[in-house]
Amino acid sequence: MTNVLWLQGGACSGNTMSFLNAEEPTVCDLIADFGIKVLWHPSLGLELGNNVQTLLWDCILGKIPLDILVFEGTVVNAPNGTGEWNRFADRPMKDWLTDLAQAASFVVAVGDCATWGGIPAMSPNPSESQGLQFLKRKAGGFLGKDFVAKSGLPVINIPGCPAHPDWITQILVAIATGRIADIALDELNRPQTFFNTFTQTGCTRNVHFAYKATTAEFGQRKGCLFYDLGCRGPMTHSSCNRILWNRVSSKTRAGMPCLGCTEPEFPFFDLKPGTVFKTQTVMGVPKELPPGVSNKNYAVLTMVAKEAAPKWAEEDFFTV
């Protein structure tokens with residue numbers, strides 16, 4: 001039996017909603033097939049009031065083994081480092097988090113807010129929000145850069161706004177079945193099995209990307225979304241086009257640009273007017289290019305690609 005405690009800080013519950021829609025495996029599979037016991041969850045837990053406090057203290061004191069602590073949402077430190085803006089069970093949530101993280105064998109941060117602060121940590125960050133072990137790309141966060149759980153691992157980060165449900169359940173299964181050691185973490189503590197490739201990998205628009213065939217309209221099934229609509233698929237680490245959402249689709253497959261929500265800089269440009277759904281360019285060249293592509297090579301590649309583009313590159317190949 002693997003005990004899981006799920007707590008929520010400054011959050012919109014989006015990752016909870018995502019988690020409850022997991023398919024491979026489902027939440028029910030976690031319990032029935034993989035021996036996971038959900039001690040408490042803000043949307044699923046039955047305990048209220050003093051009963052929740054008793055459960056949390058039993059985990060801290062070791063009366064109940066805490067195998068996995070899952071945290072969703074930011075760590076709210078306001079006002080003035082007290083955490084009083086986010087109280088839970090008669091204490092600031094950050095105080096519960098401090099004690100429970102020390103008691104847990106594994107700590108898993110789910111969603112952008114928990115991993116690196118997300119939208120609440122945007123400047124000027126009035127809630128003094130942090131991620132568990134990062135603030136944007138800077139290591140440290142609330143628990144500090146040297147924190148490791150009892151397992152010896154740092155916080156396992158599963159970013160996204162929200163995180164893909166199967167990323168969450170599959171990591172929980174890896175821990176519960178003793179296979180987490182087989183999963184390498186990148187420099188941002190993300191499982192490489194999900195985050196070592198770019199969102200563009202598996203995108204159905206790659207042929208349009210290669211020939212610089214663009215689209216300036218949402219919902220279209222032809223044309224690349226990178227050149228006009230600000231798609232960050234070529235620069236964002238995720239498996240959204242390899243492990244489809246609901247096993248059906250993804251943003252780019254539905255004609256919506258990738259927003260880069262698995263990267264610490266999300267939301268990019270602090271959502272300033274004119275930066276959302278619009279590619280930032282200088283003399284027609286995107287300011288940000290895919291890794292390894294220089295401005296000079298991009299200019300040459302663009303001329304060659306447009307000249308070599310076949311007529312069908314402009315067609316909607318989904319038409320039947």
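These numbers come from a predicted model, not from an experiment.
A donor-acceptor pair shorter than 3.5 Å cannot be found between the side chains of Q280 and T275. Checked by atom type, the side-chain pair T169/E24 shows no donor-acceptor distance below 3.5 Å. Judged by distance alone, the side chains of T236 and S238 never bring a donor and an acceptor atom under 3.5 Å apart. Side chain to side chain, N21 and S18 fail the donor-acceptor criterion of an N or O pair below 3.5 Å. A donor-acceptor pair shorter than 3.5 Å cannot be found between the side chains of D95 and T98.
Within the model, atoms OG1 of T262 and CZ of R232 stand 10.0 Å from one another, a figure rounded to the nearest 0.5 Å. Within the model, atoms CD1 of I175 and CD1 of I171 stand 7.0 Å from one another, a figure rounded to the nearest 0.5 Å. Within the model, atoms CG of D29 and CD1 of I36 stand 10.5 Å from one another, a figure rounded to the nearest 0.5 Å. Atom-to-atom distance recorded for F34:CZ and L172:CG is 11.0 Å, nearest 0.5 angstrom. In this structure, T54 OG1 and E47 CD are separated by 10.0 Å, a value rounded to the nearest 0.5 Å. In this structure, CD on Q220 lies 10.0 Å from CG on L229, to the nearest 0.5 angstrom.
Among residues two or more places apart in sequence or in another chain, the ring-ring contact (aromatic ring centres under 6.0 Å, His included) test is passed with F269 by none.
A heavy-atom distance below 4.5 Å is found between the side chains of H164 and I243. A heavy-atom distance below 4.5 Å is found between the side chains of H237 and R190. At a threshold of 4.5 Å between non-hydrogen side-chain atoms, the residues E72 and T16 count as touching. Within the 4.5 Å cutoff, the side chain of L7 has no heavy atoms near those of the V70 side chain. Residues M17 and P162 form no side-chain contact, since every pair of their non-hydrogen atoms from C-beta on lies 4.5 Å or further apart. Using a 4.5 Å cut-off on side-chain heavy atoms (C-beta onward), F71 and V107 make no contact. By the 4.5 Å heavy-atom criterion applied to side chains, L39 and V4 are not counted as neighbours. Residues L225 and R205 form a side-chain contact, since some pair of their non-hydrogen atoms from C-beta on lies under 4.5 Å apart.
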Item to complete: Before giving the answer on side chain to side chain donor-acceptor pair (under 3.5 Å), spell out for T74 and Q130 the whole-Å C-alpha distance, their side-chain angles and the decisive distance to 0.1 Å.
Response: CA-CA 6 Å; T74 65; Q130 294 175 292; over 6 Å; no

Worksheet item: Taking it one step at a time, do Q192 and L185 satisfy side chain to side chain contact (heavy atoms under 4.5 Å, CB included)?
Response: CA-CA 5 Å; Q192 289 192 32; L185 303 179; 5.9 Å; no

Worksheet item: Please walk me through it: do K94 and N86 pass side chain to side chain contact (heavy atoms under 4.5 Å, CB included)?
Response: CA-CA 8 Å; K94 74 183 191 70; N86 182 203; over 6 Å; no

Fill in: Trace of the side chain to side chain contact (heavy atoms under 4.5 Å, CB included) decision for D90 with Q53
CA-CA 8 Å; D90 207 33; Q53 292 186 47; 3.8 Å; yes

Discussion item. Is there a side chain to side chain contact (heavy atoms under 4.5 Å, CB included) between C161 and D112? Walk through the geometry before answering.
Written reply: CA-CA 6 Å; C161 193; D112 275 357; 3.9 Å; yes

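Evaluated for a side-chain hydrogen bond (donor to acceptor under 3.5 Å, both in side chains) with N241, the options T252, T199, T201 yield exactly one hit, T252.
Linking ILVMFWY side-chain heavy atoms closer than 4.5 Å, directly or via other members, places L259 and F218 in a single hydrophobic cluster. Linking Ile, Leu, Val, Met, Phe, Trp and Tyr whenever their side-chain heavy atoms come within less than 4.5 Å leaves W96 and W85 in two separate clusters. No chain of hydrophobic side-chain contacts below 4.5 Å, direct or via other Ile, Leu, Val, Met, Phe, Trp or Tyr residues, connects M122 to V76. Under the 4.5 Å side-chain heavy-atom criterion for grouping Ile, Leu, Val, Met, Phe, Trp and Tyr, I168 is not connected to L132 through any hydrophobic cluster. Note on V75: it clusters hydrophobically with F147, by side-chain heavy-atom contacts below 4.5 Å among ILVMFWY residues.
Identified under the side chain to side chain donor-acceptor pair (under 3.5 Å) test for residues 133-155, with sequence neighbours left out: R137-E263, R137-E265.
Looking at every heavy atom in both residues, S250 comes nearest to C240 through CB-O, 3.5 Å. Nearest heavy-atom pair, M235 versus P290, reported as atom, atom and distance to 0.1 Å: CG-CA, 4.0 Å. Closest approach of D166 and P25 over heavy atoms only: OD1-O, 4.4 Å. Closest of all the heavy-atom pairs between E23 and N246 is OE2-CA, 3.6 Å. Annotation for A121 and L135: closest pair CB-CD1, 4.0 Å, computed over non-hydrogen atoms. Residues G230 and T279 come closest through the heavy atom pair N-OG1, 2.8 Å.
Here K37 does not pair with D67 in a salt bridge; the nearest charged N to carboxylate O distance is not below 4.0 Å.
A tilted orientation is assigned to the rings of H41 and W6, their planes being inclined by 30° to 60°.
Remark: side-chain polar atoms of E128 are not paired, donor with acceptor, to backbone N or O of P79 under 3.5 angstrom. With hydrogens and angles disregarded, a donor-acceptor distance shorter than 3.5 Å links the side chain of N15 to the backbone of A163. With hydrogens and angles ignored, the 3.5 Å screen pairs a side-chain donor or acceptor of D186 with a backbone N or O of L188. Looking at Y227, its side chain never comes within 3.5 Å of a backbone N or O of V285 through a donor-acceptor pair.
For K212, the NZ atom is densely surrounded, since the number of other residues' heavy atoms within 6.0 Å is greater than 12. Heavy atoms from other residues, nucleotides or ligands lying under 6.0 Å from CG of D182 number more than 12.
Aromatic ring centres of W40 and F88 lie closer together than 6.0 Å. The distance between the ring centers of F195 and W167 falls below 6.0 angstrom.
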